[in-house]
*Asks:* 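Structure below; questions to follow.
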Amino acid sequence: MRLHRNLVYTTIDSLNAIFNEGEYADKVVARALKKDKRWGSSDRKFVAETIYEIVRWKRLYAEIAEVKEPFDRENLWRMFAVWAVLRGYPIPDWKQLEGTPERKIKGRFDELSKIRALKESIPDWMDELGVKELGEKVWATEIAAQNQPAKVILRTNTLKGTKESLRNTLMDLNIETEYLKDQPEALVLKERANVFLTDAFKQGLFEVQDANSQLVAGFMDVKPGMRVVDTCAGAGGKTLHIASLMENKGQLIAMDLYESKLKQLKLRAKRNGAFNIEYRIIDTTKVIKKLHEKADRVLIDAPCSGLGVLKRNPDAKWKLKPEFIDNIRKVQAEVLESYSKIVKPGGKLVYATCSVLPSENQEQVEKFLKTEIGKQFTFIKDRKILASESGFDGFYMALLERKDAVIKE
């Protein structure tokens with residue numbers, strides 16, 4: 001087990017882009033992996049995993065290394081040295097790693113790990129917010145679970161095949177998967193692999209989607225032939241799942257504020273063979289008004305803090321700010337009030353987030369039900385999913401039904 005200079009240099013360059021230039025970790029990692037065509041799978045794995053690890057543990061490593069932001073290259077090397085020592089790598093005889101104090105690093109790790117915000121490597125404000133909303137005990141187990149690397153979960157595209165046939169296809173490519181209990185379309189990768197390079201992916205046989213994210217479309221109770229509206233479709237992971245549950249029958253309207261996201265969705269839909277989707281950019285309020293009381297099912301996959309998906313987006317810990325969460329709660333209330341009007345009498349609405357905070361979840365639903373439009377809805381059920389309990393992403397979903405317009409005497 002030894003460190004290779006070219007891989008470590010790429011890691012340092014990537015950390016500089018993420019920490020000092022505000023780039024997103026997933027984009028930086030994708031670029032880094034294309035740097036050298038001669039790299040084998042173990043080289044690529046080292047680069048990707050090391051970048052994500054140091055991003056995940058940024059605060060803890062910076063404290064141990066006694067460096068402060070903005071990090072210059074010397075600081076980044078010191079943080080890398082902390083990672084290497086804690087991971088048990090022999091420190092090579094390189095100029096940048098001269099004088100690495102191995103015993104001191106291990107001692108400071110033990111000492112600082114007694115403070116939760118440092119041990120779990122999160123900002124103080126996030127730790128305080130988690131305790132306030134979930135309580136000390138639940139938050140402690142939840143944030144620890146959010147620091148575990150995310151598993152790769154596939155969702156079978158049932159428009160093109162079955163879970164069993166997909167598993168066999170992947171087995172032929174030496175990609176082993178396991179079924180997931182109570183998840184009709186999910187397969188879990190036994191080991192990480194770049195599934196996007198496979199013909200199975202290019203043919204649209206599956207999408208990569210977290211196990212708990214896959215529960216949302218099923219929660220909507222969609223049927224073939226319905227008119228369904230996904231109001232915050234984004235690049236469309238849940239939209240495509242809905243299309244497959246509708247068996248391409250009926251009308252599925254995918255809406256978003258950003259045309260670029262809907263363009264991505266169009267490409268994915270073509271690969272998936274999902275052809276019952278219409279695309280609408282929400283550029284004026286008229287787009288929503290035209291659909292008032294027209295849909296059997298509406299999904300509001302609301303913008304949120306993303307505090308349920310830190311395991312797959314560790315750099316969100318550093319990009320997120322408390323004022324963003326205050327603002328996003330207002331946006332959630334607005335979209336609930338506005339987009340709920342699309343549901344027709346007798347139709348159903350699902351409000352979902354990838355947050356674990358009650359203030360973004362059940363409290364939003366409770367407030368909505370007291371509004372003028374909210375009084376026209378009945379709460380059916382909700383589901384709060386913690387990463388610490390499920391092993392996957394943290395999610396929330398609530399199912400509401402719009403009352404029939406005719407009030408019987």
Side-chain angles (χ1 to χ4, degrees), residues 10-33 44-65 67 69-71 75-76 79-80 82-84 86-87 109 112-113 115-130 134 139-153 189 192 194 208-213 304-322 324-325 328 353-357 385-388 390-395:
T10 299
T11 300
I12 297 289
D13 289 342
S14 300
L15 293 170
N16 183 56
I18 296 163
F19 293 152
N20 297 328
E21 291 161 20
E23 291 193 54
Y24 286 95
D26 57 345
K27 303 274 192 302
V28 172
V29 168
R31 188 170 69 225
L33 295 181
R44 295 158 61 85
K45 187 179 180 204
F46 174 88
V47 169
E49 290 184 1
T50 308
I51 294 168
Y52 273 122
E53 280 277 291
I54 296 174
V55 169
R56 194 181 301 285
W57 303 107
K58 178 181 88 163
R59 184 178 182 189
L60 177 62
Y61 290 174
E63 290 276 352
I64 293 171
V67 298
E69 291 188 85
F71 305 125
N75 293 160
L76 293 172
M79 288 168 72
F80 176 81
V82 170
W83 173 87
L86 295 176
R87 288 287 171 275
F109 173 78
L112 295 172
S113 292
I115 303 161
R116 184 178 53 232
L118 294 177
K119 179 190 175 190
E120 301 300 352
S121 194
I122 52 174
D124 289 333
W125 69 263
M126 190 179 285
D127 193 45
E128 288 156 17
L129 179 64
L134 293 171
W139 173 247
T141 55
E142 184 61 14
I143 193 58
Q146 290 286 0
N147 272 325
Q148 299 305 309
K151 291 175 181 166
V152 180
I153 318 289
L189 259 61
R192 292 187 84 84
N194 193 344
V208 174
Q209 186 179 4
D210 180 76
N212 291 335
S213 175
C304 69
S305 64
L307 282 178
V309 293
L310 293 178
K311 60 168 63 190
R312 68 184 64 254
N313 296 319
D315 55 334
K317 294 198 282 190
W318 317 119
K319 289 185 165 60
L320 207 55
K321 297 287 178 277
F324 174 85
I325 297 183
I328 212 71
T353 76
C354 54
S355 173
V356 293
L357 300 181
I385 308 171
L386 296 174
S388 51
S390 67
F392 304 108
D393 287 347
F395 258 89

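The analysis underlying the following values was restricted to heavy atoms, covering all of them including side chains, and did not include hydrogens, waters or symmetry mates. Just so it is clear, the model here is predicted, and its values are computed rather than measured.
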*Asks:* Would you say that more than 12 heavy atoms from the other residues, nucleotides or ligands in this model lie under 6.0 Å from the CZ of F46, or not?
*Replies:*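 Yes - once you tally the heavy atoms of other residues, nucleotides and ligands closer than 6.0 Å, there are more than 12.
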*Asks:* The test is salt bridge (Lys or Arg N to Asp or Glu O under 4.0 Å); show your working for R59 and D124 and say whether it passes.
*Replies:* CA-CA 10 Å; R59 184 178 182 189; D124 289 333; 2.9 Å; yes
*Asks:* Return the CD1 to CG distance between I18 and D315, rounded to the nearest 0.5 Å.
*Replies:*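 Those atoms lie 6.5 Å apart.
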*Asks:* Under the salt bridge (charged side-chain N to carboxylate O under 4.0 Å, His left out) test, which residues partner E49, sequence neighbours left out?
*Replies:*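 By the salt bridge (charged side-chain N to carboxylate O under 4.0 Å, His left out) rule, E49 matches no residue at all.
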*Asks:* Check for a donor-acceptor pair, side chain of E142 on one end and backbone N or O of A387 on the other, with a separation under 3.5 Å.
*Replies:*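 It does hold such a pair.
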*Asks:* Work out which heavy atom in A32 is nearest to a heavy atom in I51; give both atom names and the distance.
*Replies:*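 Reported closest heavy-atom pair: CB-CD1, 4.3 Å.
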*Asks:* Given the rule in the side-chain contact (heavy atoms from CB on, under 4.5 Å) test, do E120 and Q146 qualify, once you have shown the distances and angles that lead to the verdict?
*Replies:* CA-CA 9 Å; E120 301 300 352; Q146 290 286 0; over 6 Å; no
*Asks:* Say whether, by atom type as modelled, one donor and one acceptor occur between the side chain of K317 and the main chain of S121 under 3.5 angstrom.
*Replies:*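 Side chain of K317 to backbone of S121, a donor-acceptor pair under 3.5 Å: yes, one is there.
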*Asks:* What heavy-atom pair brings V356 and L134 nearest, and what distance separates the two atoms?
*Replies:*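 Of all heavy-atom pairs spanning V356 and L134, the closest is O-CD2, 3.5 Å.
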*Asks:* Could you tell me whether the side chain of W139 reaches within less than 4.5 Å of the side chain of D127, counting heavy atoms only?
*Replies:*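 In contact.
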*Asks:* When you look at N147 and W57, which way does the side-chain hydrogen bond (donor to acceptor under 3.5 Å, both in side chains) test go after all the steps?
*Replies:* CA-CA 9 Å; N147 272 325; W57 303 107; 6.0 Å; no
*Asks:* For S14 and Y52, run side-chain contact (heavy atoms from CB on, under 4.5 Å): C-alpha distance rounded to whole Å, both residues' side-chain angles, the deciding distance at 0.1 Å, then the answer.
*Replies:* CA-CA 10 Å; S14 300; Y52 273 122; over 6 Å; no
*Asks:* Rounded to the nearest 0.5 Å, what separation is found between the OH atom of Y61 and the CD1 atom of I54?
*Replies:*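 Taking OH in Y61 and CD1 in I54, the distance rounds to 7.0 Å.
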*Asks:* Would you sort out whether V29 and V47 count as a side-chain contact (heavy atoms from CB on, under 4.5 Å), showing the intermediate values?
*Replies:* CA-CA 8 Å; V29 168; V47 169; 5.9 Å; no
*Asks:* Should T11 and W83 count as side-chain neighbours, where that means a heavy-atom distance under 4.5 Å?
*Replies:*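 No, too far: nothing below the 4.5 Å cut-off.
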*Asks:* Measure from NZ or CZ of K319 to the centre of the six-membered ring of F324 and say whether it is under 6.0 Å with the direction within 45° of the ring axis.
*Replies:*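 Pair K319/F324 does not count as cation-pi.
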*Asks:* Just wondering, do L60 and V82 contact through their side chains at under 4.5 Å, heavy atoms?
*Replies:*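 Sidechains of L60 and V82: no contact.
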*Asks:* Say you draw a straight line from CG of L320 to OG of S305; how long is it, rounded to the nearest 0.5 Å?
*Replies:*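 Between atom CG of L320 and atom OG of S305 there are 6.0 Å.
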*Asks:* Indicate the atoms forming the closest heavy-atom contact of A140 with R116, along with that distance.
*Replies:*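 Closest heavy-atom pair between A140 and R116: CB-NH1, 4.0 Å.
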*Asks:* For F19 versus L76, what's the shortest heavy-atom pair and its separation?
*Replies:*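 Residues F19 and L76, closest heavy atoms: CD1-CD2, 3.8 Å.
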*Asks:* Once you round to the nearest 0.5 Å, how far does CG of N212 lie from OG of S390?
*Replies:*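 Spacing of CG (N212) from OG (S390) equals 4.0 Å.
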*Asks:* Heavy atoms only: give me the nearest F392-I153 pair and the separation to one decimal.
*Replies:*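 Looks like CE2-CD1, 3.5 Å.
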*Asks:* Do N16 and E21 come within less than 4.5 Å of each other through their side chains, counting heavy atoms only?
*Replies:*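 Heavy-atom side-chain distance check passes, below 4.5 Å.
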*Asks:* Who passes side chain to side chain donor-acceptor pair (under 3.5 Å) against K311, sequence neighbours left out?
*Replies:*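 For K311, no residue satisfies side chain to side chain donor-acceptor pair (under 3.5 Å) once neighbours in sequence are set aside.
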*Asks:* Is a donor on one side and an acceptor on the other found under 3.5 Å between the side chain of D393 and the backbone of D210?
*Replies:*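 Absent.
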*Asks:* Quick check: closest heavy atoms across K58 and M79, and the distance to 0.1 Å?
*Replies:*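 Looks like O-CE, 3.7 Å.
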*Asks:* Take N194 and L33 through the side-chain contact (heavy atoms from CB on, under 4.5 Å) test and state the conclusion after the steps.
*Replies:* CA-CA 11 Å; N194 193 344; L33 295 181; 5.9 Å; no
*Asks:* How about L386 and T141: do any of their side-chain heavy atoms sit closer than 4.5 Å?
*Replies:*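 Sidechains of T141 and L386: no contact.
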*Asks:* As an exercise, state the distance from CG of N313 to CZ of R56, rounded to the nearest 0.5 Å.
*Replies:*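 Nearest 0.5 Å value for the CG-CZ distance: 9.5 Å.
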